[in-house]
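Below is one structure; the comments refer to it alone.
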Amino acid sequence: METLSHENHFLLLFLVFAIAAFSAAAHASGDCADELGCVEIAPDEKITFGGILRLSGPEPWTGNIAVSAFQLAALAHDGMLLGREIELVLEDSACSEEGGREAALRIVADPAIVGIIGTNCSLAAKGALPVISEAGWLMISPSNSSPFLTNADREAGGLYQPGYFRSSHNDLFQGALSAQFAAMSLGVSTVATIDDGDPYTMGLASAMADTFVGLGGDVVFRGKISKGATDMSELLRAIAQSGADLVYFPLFAAEATLFVEQLNNAPELEDIIMMTADGAFAKSFAQGVGEAGIGLYVAAPHVAGAAYDNFVETWKREIDEAGPTGGFHAHGYDAANLLLRAVAAVASERADGTLVIGRGALRAALSAVEDYDGLTGALTCQDESPYAGDCATGEALAIFQLSGSEVHDGNWPPPVVWTAGMAQGH
């Protein structure tokens with residue numbers, strides 16, 4: 001992604017503060033009764049939302065899924081909200097901290113944007129959140145899952161900022177489920193974990209390890225790789241020397257693919273059990289990893305029920321006849337609907353037909369969500385750290401196992417072998 005010049009960066013910063021100053025002046029004049037400012041939409045203007053999503057790089061499908069989910073949510077409203085056409089303006093985060101920050105600066109430079117869908121990547125959220133929060137805006141993520149993002153404890157690495165919400169699960173839930181499966185179902189006693197320093201991979205590896213130890217297991221090795229690394233040989237030797245029964249590597253698809261391929265060629269690791277997470281949960285990963293991936297376990301979103309089945313049929317009809325291929329399509333639909341619902345709840349209309357939407361009121365409306373009947377379950381948005389902004393319960397998760405059907409034949413998703421319900425009833 002092309003980066004901003006210093007001049008453009010400072011211009012965007014100036015625009016952010018100018019918008020804040022304008023909102024404050026409007027509040028002081030009595031035109032806006034919201035302490036964070038208001039969005040005003042004329043009768044002939046669209047209601048515009050922003051998207052800070054991963055749209056480039058090796059795995060743009062994560063952003064494309066969120067866009068398609070938003071489109072289906074808009075379609076369910078006939079493309080209209082409060083008598084205005086719904087519009088989505090996109091910015092590419094490139095799944096990086098700098099990319100998230102720059103995308104956020106571009107988004108908040110447009111005062112007509114009501115709220116934001118994003119980010120896909122926890123690292124991009126780390127860059128975007130300070131900008132979004134300082135501007136008084138709101139962002140709801142369909143697929144961020146790092147525990148750091150909803151934790152306000154800075155000494156513990158917390159990154160939470162007011163105005164952040166997500167419909168995706170907190171990885172404290174996913175890590176726990178993965179550990180429970182390893183200990184209770186597979187019966188392993190020793191585990192090695194691998195992360196790449198990203199808030200997502202670090203948070204998930206830590207959550208899994210902590211729960212596994214709590215269940216009486218032993219984490220015998222905690223390793224790291226660098227993003228973009230191509231030679232895993234030294235890491236694999238260390239894993240082999242640790243004697244781990246299972247290696248847990250919640251990496252993104254590119255690194256996860258290389259890791260599996262090279263592990264498959266290490267004779268000393270032929271009996272080790274492999275488990276990864278939702279960052280690699282995609283049809284393209286299964287086909288890319290090939291024969292080496294057969295038998296691999298993946299923790300990822302799992303949604304079922306009549307409403308979800310109808311949603312998939314609509315997706316096939318309106319988006320792609322093959323159906324959704326990533327893990328967070330239902331979460332994206334829920335995130336979009338929560339945002340649309342909040343806007344409809346807080347908007348007021350002046351005598352001249354202008355809509356006025358308070359930014360603080362929008363935050364409050366999402367914070368007040370309780371038992372919303374979403375595709376992914378009953379969503380209640382919390383406001384206390386370490387779950388501040390979390391709306392999901394972690395129930396829409398499962399352990400899948402790759403088979404030859406997914407690797408060779410392109411079938412998707414793989415079969416479920418363990419769920420949160422199974423863990424509770426074990």
Side-chain angles (χ1 to χ4, degrees), residues 34 37-55 62-93 103-104 106-120 128 132 135 137-143 163 165-168 307 310-311 314-315 317-320 324 328-350 352-359 361-366 369 372-376 379 381 391:
D34 193 292
C38 295
V39 183
E40 297 186 4
I41 305 172
D44 59 346
E45 292 178 340
K46 300 175 181 178
I47 296 184
T48 305
F49 298 90
I52 301 178
L53 303 168
R54 183 178 194 170
L55 302 172
T62 56
N64 294 333
I65 284 173
V67 172
S68 296
F70 183 90
Q71 290 171 341
L72 291 185
L75 181 64
H77 291 78
D78 296 322
M80 305 289 287
L81 185 66
L82 300 171
R84 271 78 166 175
E85 185 178 345
I86 297 170
E87 179 181 46
L88 181 64
V89 175
L90 297 174
E91 292 289 349
D92 185 8
S93 75
R106 290 191 291 270
I107 285 284
V108 300
D110 184 352
I113 292 177
V114 177
I116 302 166
I117 295 291
T119 61
N120 297 122
I132 300 303
W137 288 34
L138 171 153
M139 180 167 73
I140 180 167
S141 171
S143 54
F165 300 86
R166 62 182 172 200
S167 60
S168 49
N310 290 335
F311 168 74
T314 303
W315 188 292
R317 185 174 63 252
E318 301 291 341
I319 304 296
D320 182 352
F328 287 96
H329 44 281
H331 298 79
Y333 188 75
D334 283 348
N337 277 312
L338 285 175
L339 184 53
L340 295 174
R341 180 175 177 264
V343 170
V346 306
S348 60
E349 187 170 340
R350 291 184 182 146
D352 64 358
T354 298
L355 285 181
V356 180
I357 302 167
R359 296 197 181 277
L362 268 181
R363 287 185 177 183
L366 270 178
V369 168
Y372 171 76
D373 188 17
L375 287 179
T376 60
L379 303 178
C381 297
C391 301

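Everything numeric in this text was worked out from a predicted model, so none of it was measured. Computed over heavy atoms, backbone and side chain alike; hydrogens, waters and symmetry mates excluded. Heads up: numbering here begins at 1 and tracks the sequence.
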Test ring pair (Phe, Tyr, Trp, His ring centres under 6.0 Å) applied to Tyr333 and Phe311, Trp315, Phe328, the passing residue: Phe311
Non-hydrogen atoms of Gly332 and Ala69 that approach each other most closely: C-CB, 3.5 Å
dist Leu379:CG -> Asn337:CG (nearest 0.5 Å) comes out at 10.5 Å
With sequence neighbours left out, the residues meeting side-chain contact (heavy atoms from CB on, under 4.5 Å) with Ala42 are Asp44, Glu45
Ser141 to Ser143 - nearest heavy-atom pair and separation: OG-N, 3.1 Å
Heavy-atom pair of closest approach, residues Asp334 and Ser167: CB-CB, 4.4 Å
Might you work through the side chain to side chain contact (heavy atoms under 4.5 Å, CB included) test for Phe70 and Ile86, ending with a clear yes or no? CA-CA 10 Å; Phe70 183 90; Ile86 297 170; 3.8 Å; yes
Heavy-atom check, side chain of Ile113 versus side chain of Trp137, under 4.5 Å: yes
Shortest non-hydrogen contact from Ile52 toward Ile107: CG1-CG1, 3.9 Å
Are any of the side-chain heavy atoms of Leu53 and Thr62 separated by less than 4.5 Å? no
Distance in Å, Asp78 CG paired with Glu85 CD, rounded so as to fall on 0.5 Å steps: 12.0 Å
Point-to-point distance, once rounded to the nearest 0.5 Å, from CG of Leu75 to CZ of Arg317: 8.0 Å
I need the single residue from Val89, Leu340, Ile116 that forms a side chain to side chain contact (heavy atoms under 4.5 Å, CB included) with Phe49. Which is it? Leu340
So do Asn64 and Leu55 actually touch side chain to side chain, heavy atoms under 4.5 Å? yes
For Ala347 and Leu82 the tightest heavy-atom approach is CB-CD1, 3.5 Å
Say you draw a straight line from CD1 of Ile357 to SG of Cys38; how long is it, rounded to the nearest 0.5 Å? 9.0 Å
What's the verdict on side chain to side chain contact (heavy atoms under 4.5 Å, CB included) for Val346 and Asp34, showing C-alpha distance, side-chain angles and the deciding distance? CA-CA 11 Å; Val346 306; Asp34 193 292; over 6 Å; no
Mind checking the OG1-CD spacing from Thr48 to Glu87? Nearest 0.5 Å is all I need. 4.0 Å
Any side-chain heavy-atom pair of Leu138 and Arg359 under 4.5 Å: no
Name all residues meeting the salt bridge (charged side-chain N to carboxylate O under 4.0 Å, His left out) criterion together with Arg363; count only those two or more places apart in sequence or in a different chain, and write none if there are none. none
Partner set under side chain to side chain donor-acceptor pair (under 3.5 Å) for Arg341, not counting sequence neighbours: none
Pairwise distance NE2(His331) to OG1(Thr376) - rounded to 0.5 angstrom: 5.0 Å
Measuring only between side-chain heavy atoms, which start at C-beta, is Ile41 closer than 4.5 Å to Val114? yes
Looking at every heavy atom in both Ala66 and Asn120, which two are closest together, and how far apart are they? CB-ND2, 3.9 Å
pair Ile140-Ile117: side-chain heavy atoms closer than 4.5 Å: yes
